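Below, all heavy atoms of this structure are taken into account, side chains as well, without hydrogens, waters or symmetry copies. Proteins get letters first, then strands, A, B, ... in listed order; numbering begins at 1 in each. Just so it is clear, the model here is predicted, and its values are computed rather than measured.
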There are 2 protein chains.
Amino acid sequence: MIRMSKFADYGLVLMTQFLRASSAEENLSARELASQTRLPLPMVSKVLKALTREGLLVSHRGASGGYSLSRSPAKISVAEVLTAVEGPIAMTECLDSTSVCKQESVCPVRTNWERINFAVQDVLDAISLADMLEPLPDHLVTLGVGETETPSHRQ
Amino acid sequence: MIRMSKFADYGLVLMTQFLRASSAEENLSARELASQTRLPLPMVSKVLKALTREGLLVSHRGASGGYSLSRSPAKISVAEVLTAVEGPIAMTECLDSTSVCKQESVCPVRTNWERINFAVQDVLDAISLADMLEPLPDHLVTLGVGETETPSHRQ
DNA sequence: CTAAAATAGGACCGCGCTGGTACTATTTAA
DNA sequence: TTAAATAGTACCAGCGCGGTCCTATTTTAG
């Protein structure tokens, strides 16, 4: 399957907590976030630290500390969050820059995988954190001119 | 990362072998495919069996047997191949139908993940096996009306 | 008819990575 | 001064991924 890790998943869920009505105060502790999301506290901590290191959150240490968004949720893309938590998006191993693929010279599909990878990245880059809380506008998740017939998975 | 497994990767590479110029004869054994792709034979066998079970290949047992495509490469989508080898595409665990997610009731992003998942599936469904061997037409890998600015990952 | 060459369908297995925990140091508000 | 928080990092179990192997069956060639 094409699956993202729980880390990435958690990262996005946590980030969206900062824009829920109930958390308008903007500063949330790991403990609060864990209870809001029902995720295990140590994991939440770990993910928050990563998001902070990558500059998507700012932390406030000490008593009554916590985390808050480093910029407006409309200016943070889903792709950024995923990348922050677990590095560059690479659907196949060979698209990871650090990899060396012995099959590369005889691989007929690599170039096109690269383009598909970019397409997916574009989708995730075009969706902001703020977008994730309300029904996504169609144009953000549909293909352009080419699509005419109903995809098979939609019966 | 959003990563597909090697199984899926191999599956696609193997399927495309059936439409290379040199294999116009259409019947390829696991051994031939392994050497063409430089992939380990046992793995190749395993993947071919899966593709056959799912009806994308037809097998010919016995001496001078092998595999061939069950239908025209223009009628087989990339999504079908991936799904055949490793089940339905589900970017998050909760999108897998068999999963039960305790966070579901408090999860603000699930609905939109579902839509993103469909978007990715659409992209992969619109690309045929035959498409994978030549440069993909732009409209298959770009978003529709919404996209105006250059995505951040393209510098 | 027999042997060789294939696929079918499993069982099996190591090892790395994912998901998760724990501990110590540091910062800071009350 | 103490308690509450983050920072950093080490640690760990389990399991799924990637990979192999073995036996049974089918089929063609000689």
Side-chain angles (χ1 to χ4, degrees), chain A residues 1-11 13-14 25 27-35 37-68 70 82 85-87 90 92-94 96 98-99 101-103, chain B residues 1-11 13-14 25 27-35 37-68 70 82 85-87 90 92-94 96 98-99 101-103:
Chain A
M1 341 148 184
I2 301 179
R3 180 69 55 91
M4 54 177 212
S5 73
K6 295 220 170 178
F7 259 53
D9 198 348
Y10 292 172
V13 169
L14 290 170
E25 66 274 8
N27 192 68
L28 296 173
S29 70
R31 205 172 292 273
E32 289 173 295
L33 285 164
S35 88
T37 57
R38 303 183 190 175
L39 297 175
L41 175 58
M43 283 300 292
V44 168
S45 274
K46 200 172 181 176
V47 175
L48 291 172
K49 287 169 194 171
L51 290 168
T52 305
R53 264 194 302 272
E54 299 299 316
L56 294 182
L57 291 177
V58 289
S59 66
H60 310 102
R61 302 179 67 167
S64 81
Y67 299 87
S68 52
S70 69
L82 303 190
V85 177
E86 48 177 18
T92 67
E93 192 176 319
C94 66
D96 185 340
T98 69
S99 94
C101 174
K102 282 183 296 188
Q103 282 78 31
Chain B
M1 345 152 180
I2 301 177
R3 180 67 54 95
M4 54 176 214
S5 73
K6 294 220 170 181
F7 258 53
D9 198 350
Y10 292 172
V13 169
L14 289 170
E25 66 273 10
N27 192 69
L28 296 173
S29 70
R31 204 172 293 271
E32 287 173 298
L33 287 166
S35 87
T37 57
R38 303 183 190 173
L39 298 175
L41 176 57
M43 282 302 291
V44 168
S45 275
K46 200 171 181 176
V47 175
L48 291 171
K49 286 168 194 170
L51 291 168
T52 305
R53 264 195 301 272
E54 298 300 316
L56 294 183
L57 292 176
V58 288
S59 67
H60 310 102
R61 302 180 64 165
S64 81
Y67 299 88
S68 52
S70 69
L82 303 191
V85 176
E86 47 178 16
T92 67
E93 191 173 323
C94 66
D96 185 341
T98 68
S99 94
C101 175
K102 282 183 297 189
Q103 284 77 29

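Remark: A:R31 is not in phosphate contact with D:dT6, judged by side-chain N or O atoms under 4.0 Å from OP1 or OP2. The phosphate of D:dG19 (OP1 or OP2) has a side-chain N or O of B:Y10 nearer than 4.0 angstrom. Between D:dA4 and A:S29, no contact under 4.0 Å exists linking OP1 or OP2 to a side-chain N or O.
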- Task: Check step by step if side chain to side chain contact (heavy atoms under 4.5 Å, CB included) holds for A:H60 and A:N27.
- Result: CA-CA 9 Å; A:H60 310 102; A:N27 192 68; 2.8 Å; yes

- Step-by-step side chain to side chain contact (heavy atoms under 4.5 Å, CB included) determination, A:Y67 to A:K49: CA-CA 9 Å; A:Y67 299 87; A:K49 287 169 194 171; 4.2 Å; yes

- Might you work through the side chain to side chain contact (heavy atoms under 4.5 Å, CB included) test for B:M4 and B:L82, ending with a clear yes or no? CA-CA 9 Å; B:M4 54 176 214; B:L82 303 191; 4.2 Å; yes

- Assess whether side chain to side chain contact (heavy atoms under 4.5 Å, CB included) is satisfied between A:R31 and A:L41, documenting all intermediate values. CA-CA 6 Å; A:R31 205 172 292 273; A:L41 175 58; 4.2 Å; yes

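Counting non-hydrogen atoms under 4.0 angstrom, A:K6 reaches the backbone sugars and phosphates but no base.
Note that OG of A:S68 is 7.5 Å distant from CG of A:L57, once rounded to the nearest 0.5 Å. The CG atom of B:L48 sits 11.0 Å away from atom CZ of B:R53, with the distance rounded to the nearest 0.5 Å. The CZ atom of A:R3 sits 9.5 Å away from atom CG of A:D9, with the distance rounded to the nearest 0.5 Å. Rounding to the nearest 0.5 Å places NZ of A:K102 at 9.5 Å from CG of B:L39. We find the NZ-OG1 distance between B:K6 and A:T92 to be 10.0 Å, quoted to the nearest 0.5 Å.
Across the protein-nucleic acid pair, A:M4 atom CE and C:dG19 atom C1' stand 15 Å apart, rounded to whole Å. The interatomic distance linking B:R3 (CZ) with D:dG18 (C1') rounds to 14 Å, in whole Å. Rounded to whole Å, atom P of C:dG20 lies 12 Å from atom CG of A:L14. Distance CD (B:E86) to P (D:dG19): 14 Å, rounded to an integer number of Å. Separating the CG atom of B:N27 from the P atom of C:dA6 is a distance of 10 Å, rounded to the nearest angstrom. Rounded to a whole Å, the CD1 atom of A:I2 is 16 Å from the C1' atom of D:dC17. With rounding to whole Å, A:E93 atom CD is found 14 Å from D:dC17 atom P. Protein atom CG of B:L57 is 15 Å distant from nucleotide atom C1' of C:dA6, rounded to whole Å.
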Any protein N or O atoms within reach of nucleotides 27-30 of chain D? Criterion: under 3.5 Å, listing atom names and distances.
residue	atom	partner	partner atom	Å
D:dT27	O2	B:A63	N	3.2

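DNA chain D is contacted by B:P40, B:P42, B:M43, B:K46 of residues 40-48 of chain B, taking any non-hydrogen atom closer than 4.0 Å.
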